[in-house]
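Whatever order the structure lists them in is the order used to number ligands and atoms, beginning at 1.
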Amino acid sequence: MRKKIAAANWKMNLTWQSAGDLMNAILKTDHNLKDNQLAIFAVPFPYLRAMHEKVLGKAHTFIAAQNCASTNNGAYTGEVSAEILKSVGIQYVILGHSERREYQAESNQLLTEKVNRCFEHGLIPIFCCGEPLSIRESNNQNNFVEIQLKESLFHLSKEQAAQIIIAYEPIWAIGTGKTATSAQAEEMHAHIRSVLTEKFGLDVANEIPVLYGGSVKGSNAAELFSKPNVDGGLVGGASLNADEFNLIIKSLP
Ligand code: 13P
């Protein structure tokens, strides 16, 4: 059964003290997650191990990294490898967030390498895709996202593909307060699933959660998640507020 996921992306926010306070406030809430529902928190690197230990007793709750290196261990100062992440207990890694594509010039080809490092070390990529405003305005978003998926994921085996999580995050909706309508999200998610079906077959495509990201809030999550191909959200700003994120977790179908 396809997983439904509320994923927090804290980005480069929160001090150690405020991160702990936020996580404690969220964890003391009983989310009553069902077997196919997950809460995932992508936290800054220095907090990974401690946050992992904090969520160990909490059902269906996991910690993710926000990035990993494209290479294996070696002389790469400042990088963090998939193997290092795995060794501290991490299971999920956000890859290809639009902020990294823009500010760190991450290409679809580089992301192929990062995806490979994740699979080599037993990590699950939360693979981000999504178009800028200019592409949406010229109505080329389907093709744009299809190329992102093809160039970074189409080399995977069916077994690998069945494990990934995809996050569709239209860049024009990130941090802007301008959420895609649930109809726009559903249209793209259905397209993503059809692209995945064509390559990996219906059984595999039906296993892959496709999350929506871009100004998800407590007040719009239930409507977005009510769509058949929207399997939850990847949440930035609203994940920094315990009440908001609790509401988003509770909105999972
Ligand atoms: P916002 O929820 O702040 O729009 O950010 C979305 C995002 O980039 C999550 O990865």
Side-chain angles (χ1 to χ4, degrees), residues 3-14 18-19 22-23 26 38-45 47-48 51 62-68 90 92-106 111 114-115 118 123-133 135-136 141 144-145 148-149 152 164-182 184-185 188-189 192 208-225 227 230-252:
K3 297 238 170 9
K4 305 292 176 180
I5 302 171
N9 179 5
W10 287 359
K11 307 190 180 183
M12 195 174 75
N13 288 299
L14 304 169
S18 55
L22 174 61
M23 190 61 102
I26 294 171
L38 300 182
I40 299 178
F41 297 84
V43 309
F45 282 130
Y47 310 160
L48 282 170
M51 292 298 167
F62 299 92
I63 301 300
Q66 297 175 13
N67 177 37
C68 76
I90 298 307
Y92 298 92
V93 184
I94 294 178
L95 290 182
H97 193 282
S98 58
E99 288 150 15
R100 293 202 61 84
R101 291 176 187 265
E102 182 177 354
Y103 306 134
Q104 316 299 328
E106 292 196 352
L111 291 167
K114 295 194 175 199
V115 167
C118 282
L123 296 173
I124 296 176
I126 301 171
F127 182 84
C128 300
C129 57
E131 79 286 355
L133 184 60
I135 297 287
R136 170 68 59 168
Q141 64 272 13
F144 186 91
V145 168
Q148 289 180 320
L149 299 176
S152 298
I164 58 171
I165 296 166
I166 289 181
Y168 168 61
E169 300 203 311
I171 296 169
W172 46 271
I174 294 178
T176 57
K178 192 174 172 211
T179 319
T181 65
S182 59
Q184 283 173 319
M188 177 58 85
H189 286 221
I192 289 171
I208 300 176
V210 184
L211 315 183
Y212 167 78
S215 301
V216 177
K217 307 185 271 277
S219 57
N220 60 23
E223 164 65 19
L224 286 160
F225 301 170
K227 296 294 175 189
V230 179
D231 302 309
L234 180 57
V235 186
S239 76
L240 301 173
N241 177 293
D243 292 339
E244 278 287 309
F245 196 63
N246 278 332
L247 204 53
I248 292 166
I249 296 175
K250 291 208 163 124
S251 303
L252 285 175

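- Using a 4.5 Å cut-off on side-chain heavy atoms (C-beta onward), Ile164 and Phe127 make no contact.
- In the vicinity of Gly214, heavy-atom distances shorter than 4.0 Å reach the ligand 1 atoms 4 (O), 6 (C).
- Ser182 places none of its side-chain heavy atoms less than 4.5 Å from the side chain of Phe225.
- Only the backbone of Ala173 comes within 4.0 Å of ligand 1, counting heavy atoms alone; no side-chain atom from C-beta on gets that close.
- A distance of 4.5 Å separates CG in Leu48 from CD1 in Ile90, rounded to the nearest 0.5 Å.
- The shortest separation from a heavy atom of Ser215 to ligand 1 is under 4.0 Å, placing the residue in contact.
- Considering backbone and side-chain N/O atoms, Gly175 comes within less than 3.5 Å of an N/O atom of ligand 1.
- Taking only nitrogen or oxygen atoms, main chain and side chain alike, Gly237 reaches within less than 3.5 Å of ligand 1.
- With respect to atom 9 (C) of ligand 1, the closest heavy atom belonging to the protein is Glu169 OE2, 2.9 Å.
- No donor-acceptor contact under 3.5 angstrom links the side chains of His97 and Gln66, judged on distance only.
- Contacts of Asn9 with ligand 1, taken as heavy-atom pairs under 4.0 Å, involve the side chain alone.
- Although no hydrogens or angles enter the test, the distance criterion places a donor-acceptor pair under 3.5 Å between the side chain of Lys114 and the main chain of Cys68.
- Relative ring orientation between Trp10 and Phe41 is described as perpendicular, the plane-to-plane angle rising above 60° on a 0-90° scale split at 30° and 60°.
- Polar contact check, Lys11 against ligand 1: a nitrogen or oxygen pair lies under 3.5 Å apart.
- Between Gly236 and ligand 1, at least one N/O pair is under 3.5 Å apart.
- Here the side chains of Ile174 and Glu99 are in contact, with some heavy-atom distance below 4.5 Å.
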